[in-house]
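Since the model is a prediction, treat every value here as computed from it, not as a measurement. By convention in this document, chain letters (A, B, ...) are assigned in the order of the sequence lines, proteins followed by strands, and residues within each chain are numbered from 1.
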Amino acid sequence: MDVPAGYNLPSFVPGFAFPMNRQYDAAAVEAQAQAWWQDQQVFAAADAGPGEKFYCLSMFPYPSGALHMGHVRNYTIGDVLARYQMMQGRRVLQPMGWDAFGMPAENAAIQRGIAPSRWTYDNIAHMRGQLQRLGFAYDWQRELATCRPDYYRWEQWLFTRLLKKGLAYRRLAAVNWDPVDQTVLANEQVIDGRGWRSGAPVERREIPQWFLRITAYADELLDGLDELDGWPESVKAMQRNWIGRSVGLELSFEVPAYGALKVFTTRPDTLYGVTYMAVAAEHPLAQQVAAGNPALADAIEKLKPRETSEAALQTQDKLGVDTGLRAVHPLTGDELPVWVANFVLMDYGEGAIMAVPGHDQRDWEFARVYGLPITPVVAPEGFSDEPAKLVEHGAFTDKGLLVNSGPYDGLAFQDAFDAIADLAEQRGLGTRRVQYRLRDWGVSRQRYWGCPIPVIHCEACGAVPVPDAQLPVLLPEDVTVDGSGSPLTRMPEFYETTCPQCGAPARRETDTFDTFFESSWYFARFACPDLDTAMLDQRADQWLPVDQYVGGIEHAILHLLYARFFTKLMRDEGLIGVDEPFTRLLTQGMVLKDGAKMSKSKGNTVDPQALIDRYGADTARLFIMFAAPAEQALEWSDEGVAGANRFLKRLWGFAVDFAAWREQAPAADLATLDDAQAAARREIHANLQQASYDFGKGQFNTVVSAGMKMLNELSRLPVPESGGAGYRAVVEEGLSILLRVLSPIVPHITHCLWQGLGHGEALLRAPWPQADPQALQADEITLAVQVSGKLRGTIRVPAEADQDAIRAAALAEPNVQRFVADKPVRKLIVVPGKLVNIVV
RNA sequence: GCCGGGAUGGCGAAACCGGUAGACGCGCCAGACUCAAAAUCUGGUGGGGGCAACCUCGUGAGAGUUCGAUUCUCUCUCCCGGCACCA
């Protein structure tokens, strides 16, 4: 760590002279603290040793160029948690790395003609410097970047293992195709149905792609959520819904001139309410109809989705066309029209539905548009009106008792479900089965800046995994990217190879992995980043699971689900013993300015570098932790930052003045406190208790608040001109508590003051302070007095007053007497330590 | 469209198990210091009423449960995150 030239470092010698400089110089203080940490190697995590392990991890950044405020927030929260655990005596691992593959590097290459690798490595170097300037307690020896072959070779290796197990496979899947740029587009690159660069309407194309069979782990991924007590309920709920396990009935409807039309339903109880059938435009039935009828083919073609995003599909107007085919209702024998509808998704279930417009809102809306009948077959218990009334203004989607359902009338949901499912199974019409919303994970990307998929395509042998001895498949870094597809497809020296099985000329796969592939296992690699003989070794089990994971809520589903999935894959490969990667999860909120998320496109960003240059790392950290709870959105405020800096200046000045005063003061004596000093001490300990409680909850803004109150209490005490044994005792103790409580948040200033005040060298290793119960004792307490629930006054009573004494005091309060007057007291509630409510 | 979350003074927020709404900070107002300003320090600061003691309204909207609701239940509005190729 470099110390700014020309600055005379204050000489912090424990227990001796305090620096003369009363001015808080953040740059000097921070350089001093960081130099000490660097010198002592305090953040190098020992794989074994004394203390319980604690693995604290923040989601690693994409090296986009420079840190943004969201990074600063994320990493400050993680660092505060890590440092807090160090002070609890844990052996803490807090690593940092780079999620280095991705589209922005290719975009930069197109725009500026820099190779993606060069751009990425430069960004990493710059951002690493910024992280170091912020004083995060990272073990930099474990740093990794996912774009380096020594990292990605192991995910290539794992992929070949999954291929052999059948957990990776290849099939056709849809992509967004830009017909002008002749390239595949990410959903992000499709704006209002058009390519972002060409402006051409995107097309949907089916190409062969690699998939990971995440659905094979659907049940385990779902059930595992129940054990994750340290995760927010909201994230678990989102994952549950994403996996979307539902138990239902697979049913076949006979369609003359087509055959059996299979559907899946979770509501067999509504079978009598089916009034039409609907299939997706890509469904074989639709294709068959189109083949024999050009007019219908044209109409069906228009119903085909153009984009791949589900949001785009589900928000379009409900459109359809009648195929003219009729299905036979399996129980009533009624004829049901078969429609092609754009709200039916080919990817979910069977790509066909039995429409029950009385009890499904989408079916209801479609029926309304096309004048199809709506038949209610379920009604709430005790519903006595005309059943048709139930579905006049929308579908009735609750469960209830069956009506209009022949022999099943009057049955409740589960009985009806069972009876109809039993009948369907007996008659061979269908079977019960479990359906997931979760789809297998498509990992192929037709892009350059990613990990090459380690497969060789041979005409004779098919898709052959690259043998271990040939790994890694190196991504050539010296390339030109021009936006018209991946350069790998134009590099014979990359793709021309020979089949590892038969030796014939063969073509190397030119697709790369989804970048979620890299981020799905990096947390494990941090345990052994230097290992070059295997993906992981026993050190992974020494550190895993991650005890505390911190990152944005936007990763609630995909990244966190894929990381959980990979953990199970690695476990089943015998690499690790844990089932789940992250024991506790904190999802931090966004950073906003003027009510909107900070982003370059909105032009409302604040550059963290400017903030650090002006005020220092501690001010940035303090503001971020104080301005809002970690999980909530944080509204940026330049004045708030200045306020945070003001507090640090006050803290510095107070400590320096006290140290100077202490030179001529008598020894500290806690037995000689006056009333004000005793009260201040009580407040210090009360706020310590609060801060410890809040730290445990992860509510850091109120920890800062408690620290501010402590300083307020101490500064309010008059400084004795002579004597001062009591003052010295209260302030010395108070400062030692305050510095420790704040040290995870503002580690630099507290480190220097701790040393300067002579408490020892390593604040990091100081124990967390404990509140003294004796200091907390008060003789009198204040109780609120309500009359019929409204506050009418307060009373002071001895702390040990009994209920009768409290009642008497409450009734004697003058304002209370006014409101009670001669009205009879119906009830008198005493909440110990809080309030009295007199109900008249 | 579906899933998840949020809404409290002029602003960021606090209120632990249903018990004094607005701690702490920002901003603003007044005062001290200063030739002046900045910085710093002291005091005040939810709306309305009152000389005051106090009264009254008030936690997105509407209902409900309760002696008592920011907190629990139901309905609604608006904003934010995710929706499988942004990371």
Peer 1: Is A:Lys649 near enough to B:C41 that one of its side-chain N or O atoms lies under 4.0 angstrom from OP1 or OP2?
Peer 2: no

Peer 1: State whether the side chain of A:Thr512 and the backbone N or O of A:Tyr448 hold a donor-acceptor pair below 3.5 Å, judged by distance alone.
Peer 2: no

Peer 1: Look at A:Asn107 and B:C86 and indicate whether a side-chain polar atom (N or O) is within less than 4.0 Å of OP1 or OP2.
Peer 2: no

Peer 1: Indicate syn or anti for B:G9, taking the glycosidic torsion and treating anything within 90° of 0 as syn.
Peer 2: syn

Peer 1: Respond yes when some side-chain nitrogen or oxygen of A:Arg792 is under 4.0 Å from OP1 or OP2 of B:U56, and no when none is.
Peer 2: yes

Peer 1: Using both distances under 3.5 Å as the test, list the Watson-Crick or G-U wobble partner of B:C67, or none.
Peer 2: B:G19

Peer 1: Given B:G4, is OP1 or OP2 found less than 4.0 Å from the side-chain N or O atoms of A:Asn241?
Peer 2: yes

Peer 1: Given atom CG of A:Leu345 and atom C1' of B:G1, what is their separation to the nearest angstrom?
Peer 2: 10 Å

Peer 1: According to the Watson-Crick and G-U wobble definitions, with both distances under 3.5 Å, which nucleotide is paired to B:U42?
Peer 2: B:A30

Peer 1: Looking at A:Arg362 and A:Glu365, is any side-chain nitrogen of the basic one under 4.0 Å from a carboxylate oxygen of the acidic one?
Peer 2: no

Peer 1: Check the chi torsion on B:C41 and let me know: syn if it falls within 90° of 0, anti if not.
Peer 2: anti

Peer 1: B:C85 pairs with which nucleotide, Watson-Crick or G-U wobble, both distances below 3.5 Å?
Peer 2: none

Peer 1: Consider only side-chain N and O atoms of A:Asn107 and A:Gln111, and report whether a donor and an acceptor are under 3.5 Å apart.
Peer 2: no

Peer 1: Round to the nearest Å and state the distance from A:Arg818 atom CZ to B:U56 atom C1'.
Peer 2: 13 Å

Peer 1: Using a cut-off of strictly less than 4.0 Å, decide whether A:Arg445 has a side-chain nitrogen or oxygen near OP1 or OP2 of B:A84.
Peer 2: no

Peer 1: Starting the side chain at C-beta, find the nucleotide from B:A87, B:C16, B:G1 nearest to A:Tyr693.
Peer 2: B:C16

Peer 1: Between B:A15 and A:Gln699, is there an OP1 or OP2 to side-chain N/O distance shorter than 4.0 Å?
Peer 2: yes

Peer 1: Measuring to OP1 and OP2 of B:A84, would you say a side-chain N or O of A:Arg439 lies under 4.0 angstrom away?
Peer 2: no

Peer 1: Please confirm whether the backbone N or O of A:Asp511 pairs with a side-chain atom of A:Glu509, one donor and one acceptor, at under 3.5 Å?
Peer 2: yes

Peer 1: Any side-chain N or O of A:Thr702 under 4.0 Å from OP1/OP2 of B:A14?
Peer 2: no

Peer 1: Kindly point out which of B:C24, B:C16, B:G4 is positioned nearest to the side chain of A:Ala237?
Peer 2: B:G4

Peer 1: At less than 3.5 Å, do the side-chain atoms of A:Gln446 and the base atoms of B:C85 form a donor-acceptor pair?
Peer 2: yes

Peer 1: Strictly below 4.0 Å, N to O, side chains only: are A:Arg716 and A:Glu683 in salt-bridge contact?
Peer 2: no

Peer 1: Treating A:Tyr151 as the side-chain partner and A:Glu518 as the backbone partner, does any N or O pair qualify as donor plus acceptor under 3.5 Å?
Peer 2: yes

Peer 1: On a plain distance test, is the side chain of A:Gln690 in donor-acceptor contact with the base of B:C24 below 3.5 Å?
Peer 2: no

Peer 1: Report yes if a side-chain nitrogen or oxygen of A:Arg240 is closer than 4.0 Å to either non-bridging phosphate oxygen (OP1 or OP2) of B:G4; otherwise report no.
Peer 2: no

Peer 1: How many Å lie between CZ on A:Phe60 and P on B:C86, as a whole number?
Peer 2: 17 Å

Peer 1: Could you tell me the separation between the CZ atom of A:Arg650 and the C1' atom of B:A39, rounded to a whole number of Å?
Peer 2: 15 Å

Peer 1: With both distances under 3.5 Å as the test, what is the Watson-Crick or G-U wobble partner of B:U77?
Peer 2: B:A7

Peer 1: Heavy atoms under 4.0 Å, any strand shown: does A:Asn712 hit a base, just sugar-phosphate, or nothing?
Peer 2: sugar-phosphate

Peer 1: Looking only at side-chain atoms of A:Asn176, point me to the closest of B:G4, B:C85, B:G82.
Peer 2: B:C85

Peer 1: What's the CD-C1' distance between A:Glu713 and B:A23, to the nearest Å?
Peer 2: 13 Å

Peer 1: How many whole angstroms separate atom CG of A:Asp638 from atom C1' of B:C26?
Peer 2: 11 Å

Peer 1: Please determine whether any donor N or O and acceptor N or O are separated by less than 3.5 Å between the side chain of A:Asn187 and the base of B:C85.
Peer 2: no

Peer 1: Whole angstrom is fine here: how far is it from CG in A:Asn815 over to C1' in B:U20?
Peer 2: 14 Å

Peer 1: Verify the contact: side-chain N or O of A:Lys827 to OP1 or OP2 of B:C67, cut-off strictly under 4.0 Å; return yes or no.
Peer 2: yes

